[in-house]
Amino acid sequence: NNNLGRVTFFPLNIIKEKFIDKDTLNIYQRIPAGEDCSIESLVSGEYPLPKVMKALLKLEMGHFVVMLPGEMVRRKLK
């Protein structure tokens, strides 16, 4: 009885690569490394608040940033 676990094989046409779109990457690069940053400081004419919030949620789900109380955001340390 060598029950070592279970394996699942997926067809190659089912597997999708993960990527960050250009706008989300640009917003991420505007967050200073190692410092707290207000969400308002990321908002600009090019990136309105709804677009920034959508990007930050993507980044948080991808474990790139941490949303902090008080409308602050911080890059996650690796």
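One is the number of the first residue; the rest follow in order along the sequence. As the structure is a prediction and not an experimental result, all values here were calculated from the model.
The structure places CZ of R30 at 4.5 Å from OG of S44, a figure rounded to the nearest 0.5 Å. One finds the CZ atom of F19 at 9.5 Å from the OG1 atom of T24 (value rounded to the nearest 0.5 Å). If you take CD1 on I31 and NZ on K76, they are separated by 13.0 Å, rounding to the nearest 0.5 Å. Atom-to-atom distance recorded for E71:CD and D36:CG is 13.5 Å, nearest 0.5 angstrom. How far CG of L25 is from CD of Q29: 4.0 Å, rounded to the nearest 0.5 Å.
Remark: the backbone N or O of F64 is not paired with any side-chain donor or acceptor of R75 at under 3.5 angstrom.
By the 4.5 Å side-chain criterion applied to Ile, Leu, Val, Met, Phe, Trp and Tyr, V66 is assigned to a cluster that also includes L68, M72.
Test V65, I20, V52 against I27 for side chain to side chain contact (heavy atoms under 4.5 Å, CB included) and you get one pass: V52.
In this structure, Y47 and D23 have side chains that are in contact, with non-hydrogen atoms separated by less than 4.5 Å. Two residues are said to be in side-chain contact when any heavy atoms from C-beta on lie closer than 4.5 Å; L42 and L56 meet this criterion. Contact annotation: the side chain of L59 never approaches that of V73 to less than 4.5 Å [non-hydrogen atoms, C-beta and beyond]. The closest side-chain heavy-atom distance from R74 to E35 is not below 4.5 Å. Counting heavy atoms from C-beta on, the side chains of M67 and I39 come closer than 4.5 Å.
Looking at D21 and K58, a side-chain N of the basic residue comes within less than 4.0 Å of a carboxylate O on the acidic one, giving a salt bridge.
Among all heavy-atom pairs drawn from G45 and P48, the shortest one is O-CD, 4.3 Å.
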